[in-house]
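We number each residue from 1, following the sequence as shown. Computed from a prediction, not measured in an experiment: that's the story for all the values here.
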Amino acid sequence: DELHVCVSLHSEFTIRRLLQITHMKLQIQKQVVTESLKIDQPADEFESSPPYVQYNTKLASNCLGGDKTDFDMFNVFARGATASGKGTILTGQQRVQLLYHFLNKRLDLDYAVEQKILVQWFPAHNINRLADLHACWARWDLLKDFTFVQPVTTLKDYFGARLAFISAWNGHYCKMLLALTPIAVIFELANCVFLDHISIIGFGLTLAVWGKWALNVWDREQEYFMVLWDLANVHKDESPRADFEGTLYPSHIDRNMVELYSPTWKY
């Protein structure tokens, strides 16, 4: 027999506590920037995206007034999909990250699977968010869309930054290859009709220029997303991992204690 256990975050008190423990940053709402902080930014420019700030339970009341809450300060997701109906200030990937951070400090999930204490563990999907992704991204008719536009911010909020960057990279190079296709056809026709393989050198030079151009454009786009999602100065998770196997040495902070460190031959 198997027992299926589902762990989810519903308690606002628990969410606030975990946010403070992990020093996670949340993005504030646009109207907070323009109306409350009186900062005039062009609404039609993506570069005017509101900043991410480290969460604090008193931030909303201190900045907006005593009767304001986190739902007035930070972006709210899944309105109407939660039990309270107010939504949540956490994206899907942030909820998984908080739960994993909490569980991983107390239990090595992979080791539990290895020892057959658990059959398997995995993050579950949100049906409502999957419907949104299916409407704007995961549809077969979008194969006819040669703009290759990806809802990368939505993907980042649900799946995390890694998959969002992979999708953005795929979309970018599809556009670059589409721009290269007419030039490749012209060189191939010229090679067959006129130049008798001499055009191979010309296309090789064109391909080298195209490769450098595509890489430079991607570097700029990648840097833009790094700033947009506040990934340039991400706080590193320094909490001990349950699956870490090290060697006991005197602590660097207090030699009266011993702590697990990586073996010296590894670094």
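No donor-acceptor pair under 3.5 Å is formed between the side chain of K116 and the backbone N or O of V113. Without hydrogens or angle criteria, Q29 side chain to F71 main chain gives a donor-acceptor distance under 3.5 Å. Judged by distance alone, the side chain of Y158 and the main-chain N or O of L133 form no donor-acceptor pair under 3.5 Å. Formation of a donor-acceptor pair under 3.5 Å by the N62 side chain with backbone atoms of K58 is found in this model.
Expressed to the nearest 0.5 Å, how far CG of L155 lies from CZ of R162 amounts to 15.0 Å. Distance check: S8 OG to L99 CG gives 7.5 Å after rounding to the nearest 0.5 Å. Put simply, CZ on F159 and OG on S167 are 8.5 Å apart, with the number rounded to the nearest 0.5 Å. Atom CE of M24 and atom CG of L90 lie 7.0 Å apart (nearest 0.5 Å). Considering OG1 of T206 and CH2 of W213, their distance stands at 12.5 Å, rounded to 0.5 Å. For the atom pair CE of M73 and CG of L64, the computed distance is 5.5 Å after rounding to the nearest 0.5 Å.
Sorted by first and then second residue, the pairs that involve residues 141-151 and meet salt bridge (charged side-chain N to carboxylate O under 4.0 Å, His left out), not counting sequence neighbours, are R139-D141.
A continuous path of ILVMFWY side-chain contacts below 4.5 Å connects L260 to V258, so both sit in one hydrophobic cluster. Hydrophobic clustering, with ILVMFWY side chains joined whenever heavy atoms are under 4.5 angstrom apart, keeps L231 apart from I166. In the hydrophobic clustering of ILVMFWY residues, with side-chain heavy atoms under 4.5 Å counting as a link, V217 and F148 come out apart. Residues I117 and W121 do not share a hydrophobic cluster, clusters being chains of Ile/Leu/Val/Met/Phe/Trp/Tyr side chains in contact below 4.5 Å. The hydrophobic clustering, which links ILVMFWY residues whose side-chain heavy atoms are closer than 4.5 Å, places V96 and I89 apart.
Contact between Q27 and P50 at its shortest, heavy atoms only, is NE2-O, 2.9 Å. The two atoms that bring E2 and V119 nearest to each other are OE2-CG2, 3.8 Å, heavy atoms only. Shown here for Q20 and T57, the closest heavy-atom pair between the two residues is OE1-CG2, 3.1 Å. The shortest non-hydrogen separation linking F225 to A168 is CE1-CB, 4.0 Å. Nearest heavy atoms, A164 versus V152: CB-O, 3.6 Å. What you find for I28 and N75 is that their closest heavy atoms are O-OD1, 3.8 Å.
Surrounding CG of L143 are more than 12 heavy atoms belonging to other residues, nucleotides or ligands, all under 6.0 Å away. A 6.0 Å sphere centred on CG of D40 holds no more than 12 heavy atoms belonging to other residues, nucleotides or ligands.
A heavy-atom distance below 4.5 Å is not found between the side chains of D219 and E223. Side-chain contact between M176 and W218 is absent, with no heavy atoms from C-beta onward closer than 4.5 Å. When side chains are defined from C-beta on, Y261 counts as touching S251, because their heavy atoms get closer than 4.5 Å. Looking at heavy atoms from C-beta onward, L19 lies in side-chain contact with L98 at the 4.5 angstrom threshold. Contact of the H101 side chain with the Q97 side chain is not registered, since no non-hydrogen atoms from C-beta on lie closer than 4.5 Å. The side-chain heavy atoms of L180 and L207, taken from C-beta on, include a pair separated by under 4.5 Å. L177 is listed as a side-chain neighbour of W210, based on a closest heavy-atom distance under 4.5 Å.
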Going through the distances and angles, do T154 and D132 end up as a side chain to side chain contact (heavy atoms under 4.5 Å, CB included)? CA-CA 9 Å; T154 303; D132 295 338; 5.9 Å; no
Take T88 and R95, measure what side chain to side chain contact (heavy atoms under 4.5 Å, CB included) needs, and give me the verdict at the end. CA-CA 10 Å; T88 175; R95 299 175 76 87; 2.9 Å; yes
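Figure legend: cation-pi geometry between R106 and F102, with NZ or CZ positioned under 6.0 Å from the six-membered ring centre and within 45° of its axis.
Every side-chain hydrogen bond (donor to acceptor under 3.5 Å, both in side chains) that D70 has, sequence neighbours left out, goes to Y55.
The ring of F165 has its center closer than 6.0 angstrom to the ring center of W229.
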